[in-house]
Amino acid sequence: MFRLRKNLGEDSDWRISSLAGLLGFALTAAAMEIVSAYSVPLTTSSIILSAVIGSLLGMSLVAQRSALCVRHKLHEQNKWLDGAINNMIQGLCMFNAQNRLMVWNERYRAMYNIDPRSIWRGCTVQDLLGARIAAGTFPLNPERYEAQLRAALKQDKPFTHTVDLSDGRTVAVVNQPMQGGGWVATHEDITERRRAERELDRTRTFLDTIINNVPSNIIVKELPSLRYLLINKAGEKHFDLPRENMIGRTTAEIFSKGTADLIHQHDLEFLRSGREIISGEHAIITPTGNTRIVTTTRLPVMGEDGRPQYMIVVIDDLTERKRHEQRIVHMAHHDSLTELPNRAAFNECIGATLELAARAGESFAVLCVDLDRFKEVNDVFGYSVGDALLCEAARRLETACQGAFLARVGGDEFSIITPTGLQPATAVILAEQLVAAFDSDIDIEGHPLRVGLTIGVGIYPQDGADAATLIANTDAALSRAKSEARGSIRFFETSMDHQLREKRALQQDLRNAIMRDEIALHYQPQAHIAGDITGFEALVRWHHPRHGLVPPTTFIPLAEESGIIIALGEWVLRSACREAASWPRPLSIAINLSPVQFQHGDLPSLVHQILLETGLPPARLELEITEGVLIGDFTRAVAILRRLKNLGVRIAMDDFGTGYSSLSYLQSFPFDKIKIDRSFIASLNQSQQAATIIRAVIALGRGLDLPVVAEGVETEEQLKFLASESCDEIQGYLIGRPTPIADYADVVGRAPAPWPKDLAAAS
Ligand code: C2E
Ligand code: MG
Ligand code: MG
């Protein structure tokens with residue numbers, strides 16, 4: 001417990017001396033009165049004696065009085081100091097130069113839970129540490145602690161450290177040497193402060209992490225120096241510069257002059273206003289030379305004096321968004337492959353051109369361009385070659401267009417709008433330029449490809465006073481050009497419109513044709529080169545109530561276009577199989593399949609079902625397909641063909657030689673037969689080339705162990721040639737025309753009939 005001791009004499013002052021003097025004087029006077037009262041003559045010595053006695057008495061009285069005063073005062077001071085020391089929040093110990101404890105407070109004792117009996121005035125550091133170890137409040141090594149303490153004190157240096165107690169408290173200890181020896185030790189429980197600091201640290205780290213990872217670009221500048229103080233990760237990325245190259249620097253030291261001036265101007269604007277400001281869209285160039293479009297928000301952080309101390313700048317980088325927006329606008333109007341304007345852009349352009357032409361009383365032309373043989377290229381060489389071909393075609397068209405508006409409106413379809421002016425002259429010149437642009441081969445990945453153009457032309461206002469009619473009529477002109485002569489240029493004619501309507505009407509009639517019993521099958525015999533008939537090909541016929549017999553070359557495309565072919569094809573399959581199954585002789589039956597039948601429904605299951613239904617042995621059925629089946633989804637088509645083949649039916653490649661890639665298709669599927677297109681047989685007597693091709697195909701068939709059938713054999717001469725080339729089979733008017741099966745009743749074994757004389761002679 002604290003006890004204050006003070007030297008008495010130290011507190012005398014002049015007032016006490018004066019008081020003593022006065023009292024001495026009074027007492028001297030009193031002594032002289034007493035001496036005279038006892039009739040003692042007042043001699044000098046008696047006067048002096050009286051004065052001395054009086055002074056001594058006075059001094060003694062005053063001294064007693066002042067000692068009382070001082071004691072009282074000290075007591076008061078002790079009380080105050082005692083109160084102060086014992087009410088300190090720190091624990092306090094004071095040691096003298098002999099390392100003995102002189103003063104301590106209750107806080108110290110309680111803080112370390114020291115037994116009151118183990119702490120006394122004059123105890124040593126060792127005693128104290130022992131008491132604390134016993135109380136479990138000294139977790140350090142006492143020898144080492146003492147040694148460190150002494151070493152520090154010896155050098156007259158404070159010895160400070162923190163102690164983590166086992167109960168979770170942390171105490172900060174400061175041992176401060178005192179003048180003249182000894183030291184004061186303060187012990188402060190900093191558990192709460194530590195916790196608060198840790199909390200603060202955590203909060204700061206948390207905030208730092210957030211600011212650093214926030215996807216916005218954030219920088220902080222110091223005011224008024226405008227030096228960079230902080231930059232987050234996104235900001236670093238934005239400026240393309242590590243933060244160490246920015247922090248502590250000014251804008252002028254980082255950016256090029258133009259950008260630095262602009263940023264500085266915005267900073268000054270902020271400084272002038274002293275409050276949040278937003279700088280609208282502007283471009284800056286990063287130190288690495290990238291242009292970024294940004295908006296910035298500057299916010300003040302106030303200092304204690306109420307003035308802005310820091311400036312937070314939040315940068316919103318719009319560059320990507322802008323690019324994206326531009327890209328979206330571009331994509332909405334452009335074809336991603338060729339980068340040409342798309343159909344939407346074409347529609348807009350035709351609307352605008354039409355308005356202009358109408359106002360000026362001028363005309364303009366629309367050209368619909370179709371790339372010939374594109375689908376085949378795509379199919380044979382793959383999509384990458386197909387895409388490259390489209391791009392090159394687009395480039396050639398663009399050059400040939402010479403400024404006319406060109407758009408890609410479909411897979412291999414392009415549309416062109418000529419500027420207003422003299423028509424049809426301008427359109428004719430343009431169309432010829434386009435065709436000429438495709439005169440040479442297009443080399444794609446080493447493949448020399450030759451594609452042609454088929455062009456339909458419509459002219460405003462005569463071929464359509466509004467965009468929809470003009471486009472429809474131009475399309476009709478293109479359709480006509482495609483169906484009549486690929487590679488040609490066709491202008492729209494009013495008759496086309498009429499024909500188009502007729503076509504639609506015919507398509508409509510076809511929908512009901514099966515139901516109305518207008519569809520029939522004709523059968524054309526197929527024979528071995530020696531003459532014996534091996535089977536028949538079923539060929540569909542349409543007896544139209546008004547138009548009479550419509551050829552399959554006319555209505556099959558109509559049926560394919562409208563999807564009617566699915567029902568029609570099924571009808572043909574079922575009828576032909578039923579018919580063949582009814583023949584007494586087990587002749588084969590060849591049935592044509594449309595590519596559309598491969599794209600919809602489950603063809604193998606249908607064939608299987610029909611075979612079961614009709615009882616026709618699969619081996620007697622031969623399905624004829626053209627290249628068209630394999631164009632498009634090749635993998636799917638081959639998979640279907642395999643399933644069909646697995647049923648036990650045979651697959652023949654029809655019209656061989658007319659397609660683009662007959663040879664490559666032969667490699668992709670094990671066909672059972674090749675049918676040389678009749679156009680080669682028809683050309684036999686006119687062209688040496690035809691004979692060469694036929695010879696080559698027969699040789700190919702032999703090589704692949706595939707029977708070859710020659711179609712369209714009409715003459716003995718043709719037959720002789722084919723026989724001399726060892727062609728396997730023939731089909732054509734020479735053997736028999738396609739007619740109702742009743743005409744071949746004898747051949748199928750229903751009724752005896754004479755063998756055709758002329759054929760017997762030929763073989
Ligand atoms: P295709 O399969 O090549 O049929 C052979 C075509 O050649 C038939 O024409 C036939 O009448 C004709 N032809 C046969 N021999 C001769 C001849 O010696 N001289 C001449 N000039 N022509 C001859 P058609 O019947 O007009 O059939 C044309 C095409 O229509 C067929 O060609 C075939 O691709 C298609 N077709 C016919 N029937 C069907 C069918 O049921 N389904 C499908 N998808 N297509 C069919
Ligand atoms: Mg055929
Ligand atoms: Mg054929």
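Every value quoted in this text rests on a predicted model; they were computed, and no experiment measured them. We count ligands from 1, going down the list as the structure has it; atoms in each ligand are counted the same way.
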Subject >> From Ile674 atom CD1 to Leu706 atom CG, the distance as rounded to the nearest 0.5 Å >> reply: 5.0 Å

Subject >> N or O pair under 3.5 Å between Glu711 and ligand 1 >> reply: yes

Original post:
How far is atom 45 (N) of ligand 1 from its nearest protein heavy atom, and which residue and atom name does that atom have?
Top reply: Asn592 CB, 3.6 Å

Subject >> atom 12 (C) of ligand 1 [closest protein heavy-atom partner, distance rounded to 0.1 Å] >> reply: Arg678 NE, 3.7 Å

Original post:
Is the shortest heavy-atom distance from the side chain of Ile471 to the side chain of Asn347 under 4.5 Å?
Top reply: yes

Subject >> Residue portion contacting ligand 1 (non-hydrogen atoms closer than 4.0 Å) for Asp677 >> reply: neither

Subject >> ligand 1 versus Thr626: contacting region, heavy-atom distance under 4.0 Å >> reply: neither

Original post:
For Arg546, does its backbone N or O pair with a side-chain atom of His544 as donor and acceptor, under 3.5 Å?
Top reply: yes

**OP:** Output yes when a side-chain donor or acceptor of Gln718 lies under 3.5 Å from a complementary backbone atom of Thr715, and no otherwise.
**Re:** yes

Original post:
Taking both backbone and side-chain atoms of Thr553, is any N or O found less than 3.5 Å from an N or O belonging to ligand 1?
Top reply: no

Original post:
Does any N or O in the side chain of Arg650 come within less than 3.5 Å of the main-chain N or O of Glu622, such that one atom is a donor and the other an acceptor?
Top reply: no

Original post:
Do any of the N/O/S atoms of Asp677, backbone or side chain, fall under 2.8 Å from the Mg ion (ligand 3)?
Top reply: no

Original post:
At what distance is the nearest protein heavy atom to atom 44 (N) of ligand 1, and which residue and atom is it?
Top reply: Ser594 N, 3.6 Å

Subject >> Stepwise side chain to side chain contact (heavy atoms under 4.5 Å, CB included) test for Phe656 and Phe680 >> reply: CA-CA 10 Å; Phe656 189 80; Phe680 296 105; over 6 Å; no

Subject >> Least distance between heavy atoms, Ile566 atom then Val596 atom >> reply: CD1-O, 3.8 Å

**OP:** Check whether any side-chain heavy atom of Leu722 sits under 4.5 Å from a side-chain heavy atom of Ile694, and report yes or no.
**Re:** yes

**OP:** Might you point out which heavy atoms bring Phe491 and Pro424 nearest each other, and give the distance in Å?
**Re:** CE2-CB, 3.6 Å

Subject >> Backbone or side-chain N/O/S of Glu537 under 2.8 Å of the Mg ion (ligand 2) >> reply: yes

Original post:
With only distance considered, is Val540 within less than 3.5 Å of ligand 1 through an N or O on each side?
Top reply: yes

**OP:** Would you name the N/O/S atom of Glu711 that lies closest to the Mg ion (ligand 3)?
**Re:** OE2

Original post:
With respect to the Mg ion (ligand 3), what is the nearest N, O or S atom of Asp654?
Top reply: OD1

**OP:** Specify the protein heavy atom at minimum distance from atom 30 (O) of ligand 1: its residue, its atom name, and the distance to 0.1 Å.
**Re:** Pro552 CB, 3.6 Å

**OP:** Compute the minimum heavy-atom distance from His522 to ligand 1 and say whether it is under 4.0 Å.
**Re:** no

**OP:** Answer yes or no as to whether an N/O/S atom of Glu624 is found below 2.8 Å from the Mg ion (ligand 3).
**Re:** no

**OP:** Starting from atom 10 (C) of ligand 1, locate the nearest protein heavy atom and write down its residue, its atom name and how far away it is, to 0.1 Å.
**Re:** Leu539 CD1, 3.8 Å

**OP:** Show which atoms of ligand 1 fall inside a sub-4.0 Å distance from at least one heavy-atom site of Val572.
**Re:** 41 (O)

Original post:
Where is the nearest protein heavy atom to atom 16 (C) of ligand 1: which residue, which atom, and how far?
Top reply: Tyr733 CE2, 3.3 Å

Subject >> ligand 1 contacted by Arg737 (non-hydrogen, < 4.0 Å) >> reply: no

Subject >> Distance-only polar pair, side chains of Thr454 and Asp370, donor-acceptor under 3.5 Å >> reply: no

Original post:
Do any of the N, O or S atoms of Thr626 sit under 2.8 Å from the Mg ion (ligand 2)?
Top reply: no

Original post:
If you look at Asp655, which of its N/O/S atoms is nearest to the Mg ion (ligand 3)?
Top reply: OD1

**OP:** Would you mind running through ligand 1 and noting each atom that sits below 4.0 Å from a heavy atom of Gly732?
**Re:** 15 (N), 18 (O)

Original post:
When you look for heavy atoms under 4.0 Å from ligand 1, do you find them on the side chain of Gln524, its backbone, both, or neither?
Top reply: side chain

Subject >> Heavy atom of the protein closest to atom 1 (P) of ligand 1 (residue, atom name, distance) >> reply: Asp654 OD2, 3.8 Å

Subject >> Thr338 (side chain) donor-acceptor with Ala394 (main chain) under 3.5 angstrom >> reply: no

Original post:
Nearest protein heavy atom to atom 32 (O) of ligand 1: under 4.0 Å?
Top reply: no

Subject >> Ion pair check, Glu392 and Arg395, cut-off under 4.0 Å >> reply: yes

Subject >> Closest non-hydrogen atom pair, Ala431 against Ile455 >> reply: O-CD1, 3.8 Å

**OP:** Please indicate whether His608 has more than 12 foreign heavy atoms, meaning atoms of other residues, nucleotides or ligands, lying under 6.0 Å from its NE2.
**Re:** no

Subject >> Ligand-residue contact atoms, ligand 1 with Glu714, heavy atoms, under 4.0 Å >> reply: 17 (C), 18 (O), 19 (N), 20 (C), 21 (N)

Original post:
If you measure from each heavy atom of Pro738 to ligand 1, is any distance below 4.0 Å?
Top reply: yes

Original post:
How about Tyr744 and Tyr523: are their ring centres within less than 6.0 Å of each other?
Top reply: no

Original post:
Quick one: which ligand 1 atoms are inside 4.0 Å of a heavy atom on Arg541?
Top reply: 11 (O), 25 (O)

**OP:** Would you check if Asn342 and Arg408 make a side-chain contact, meaning some heavy-atom pair closer than 4.5 Å?
**Re:** no

